[in-house]
Amino acid sequence: MVSSFSDTFLLEAERHAAWGAAQLETLMAFLPEGDWTADLPGCRYSQGGLDLRVSVLGTYDMDERSWMWGWANPGLRGTEVVALAAAVERYGRAHGIAELTDEVLDLSGFADPRLAAETLAFTGMGVAEAPGYLGVPAGPATQVYFLPDDPQVPRAALDPVSLPRTLLTGAGLIGHSARRVVEGYLDHHDLPRRAEGDGRIVAELPGGSTVEIAFDPLGRIAGIQLAALPQD
């Protein structure tokens, strides 16, 4: 039983926090309402008339308060429908992140085990570079998490106007390292950046404008300033 995540895992989770939160908003806006069905051998998920290719990331047992990765599921191990989950496990081994390589995690020691399961799903989504995740009930006490693996799902674009909100939202999700959140978001969008001597991060945005992110002594985001190019 674990009662907290490792620093290595949390730093990985923070790397995906800002763009992941924006991507989940995009997925939810795209996905129609309706009942869902899944064809696991066919890697298909259907909801509200929309049919998507998906991968099973993992399952959460509400009674046991435990998480099982899709690649570890005895009925799915080695099949195509857990290919993305298997990629998460390989990444975990390469980077020494035990939470991504343990077959089953007992989350009952967490103050909010369900939130811990969502954090695992969120981080798995980020590692797999999937455009969101879907957590749906698969039984009275089981939640299954799917990763869309389909080009139909739109990707959240970089919007300079909403960038401050995006970064602040991401920094508030886990609250471990705001700098890691910012760096991860900039990396995801391949934005050149530099670190100033006072700790600020200055990044170049498409079109030539810049964004400056300042941090307070506790490492929290203290300010975000957009600077547009002067008009001729």
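Note that these values count all heavy atoms, side chains included, but never hydrogens, waters or copies made by symmetry.
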Let's go through Ile213 and Arg179 carefully: what are the C-alpha distance in whole Å and the side-chain angles of both, what is the deciding distance for side-chain contact (heavy atoms from CB on, under 4.5 Å) to 0.1 Å, and is it a yes or a no? CA-CA 9 Å; Ile213 303 98; Arg179 181 173 291 273; over 6 Å; no
Can you find a pair of side-chain heavy atoms, one from [X] and one from [Y], that are under 4.5 Å apart?
{"X": "Phe30", "Y": "Leu50", "value": "yes"}
{"X": "Trp69", "Y": "Val82", "value": "no"}
{"X": "Leu57", "Y": "Leu84", "value": "no"}
{"X": "Leu158", "Y": "Pro206", "value": "yes"}
{"X": "Thr79", "Y": "Leu40", "value": "no"}
{"X": "Val153", "Y": "Gln23", "value": "yes"}
{"X": "Leu115", "Y": "Phe110", "value": "no"}
{"X": "Val56", "Y": "Phe146", "value": "yes"}

Any salt bridge (Lys or Arg N to Asp or Glu O under 4.0 Å) involving residues 67-95? Give me the pairs, sequence neighbours left out, ordered by first then second residue. Arg53-Glu80, Arg77-Glu103, Glu89-Arg93
Results of side-chain hydrogen bond (donor to acceptor under 3.5 Å, both in side chains) for [X] - residues two or more places apart only:
{"X": "Asp51", "answer": "Arg44, Ser46"}
{"X": "Thr169", "answer": "none"}
{"X": "Gln225", "answer": "none"}
{"X": "Ser6", "answer": "Glu99"}

Atom pairs and distances, donor-acceptor, side-chain atoms in residues 8-20, under 3.5 Å, two or more places apart:
unit_1: Glu12; atom_1: OE1; unit_2: Tyr91; atom_2: OH; d: 3.0
unit_1: Glu12; atom_1: OE2; unit_2: Arg15; atom_2: NE; d: 3.3
unit_1: Glu12; atom_1: OE2; unit_2: Arg15; atom_2: NH2; d: 2.8
unit_1: Glu12; atom_1: OE2; unit_2: His16; atom_2: NE2; d: 2.7
unit_1: Glu12; atom_1: OE2; unit_2: Tyr91; atom_2: OH; d: 3.3
unit_1: Glu14; atom_1: OE2; unit_2: His176; atom_2: N; d: 2.6
unit_1: Glu14; atom_1: OE2; unit_2: Ser177; atom_2: N; d: 2.6
unit_1: Arg15; atom_1: NH2; unit_2: Tyr91; atom_2: OH; d: 3.0

With sequence neighbours left out, what residues match Asp102 under salt bridge (charged side-chain N to carboxylate O under 4.0 Å, His left out)? none
By salt bridge (charged side-chain N to carboxylate O under 4.0 Å, His left out) - contacts of Asp198 (at least two apart): Arg200
Give every donor-acceptor pair under 3.5 Å between a side-chain atom in residues 122-139 and any protein atom, sequence neighbours left out.
unit_1: Thr123; atom_1: OG1; unit_2: Thr119; atom_2: O; d: 2.8
unit_1: Tyr133; atom_1: OH; unit_2: Glu118; atom_2: OE1; d: 2.4

Going by chain and number, the hydrophobic cluster around Val104 (ILVMFWY, side chain to side chain under 4.5 Å) further includes Met68
Nearest heavy-atom neighbours spanning Ala156 and Thr26: CB-OG1, 3.4 Å
What pair of heavy atoms forms the shortest contact from Gly70 to Leu76, and how long is it? O-CB, 4.1 Å
Can you tell me how far [atom2] of [Y] sits from [atom1] of [X], rounded to the nearest 0.5 angstrom?
{"X": "Leu167", "Y": "Ile224", "atom1": "CG", "atom2": "CD1", "value": "4.5 Å"}
{"X": "Ile221", "Y": "Asp216", "atom1": "CD1", "atom2": "CG", "value": "10.0 Å"}
{"X": "His188", "Y": "Glu183", "atom1": "NE2", "atom2": "CD", "value": "16.0 Å"}

Could you check Thr142, Leu107, Leu105, Val144 and say which one makes a side-chain contact (heavy atoms from CB on, under 4.5 Å) with Tyr60? Leu107
Partner set under side-chain contact (heavy atoms from CB on, under 4.5 Å) for Asp190, not counting sequence neighbours: none
Test: side-chain hydrogen bond (donor to acceptor under 3.5 Å, both in side chains). Region: residues 28-37. Which pairs qualify, not counting sequence neighbours? none
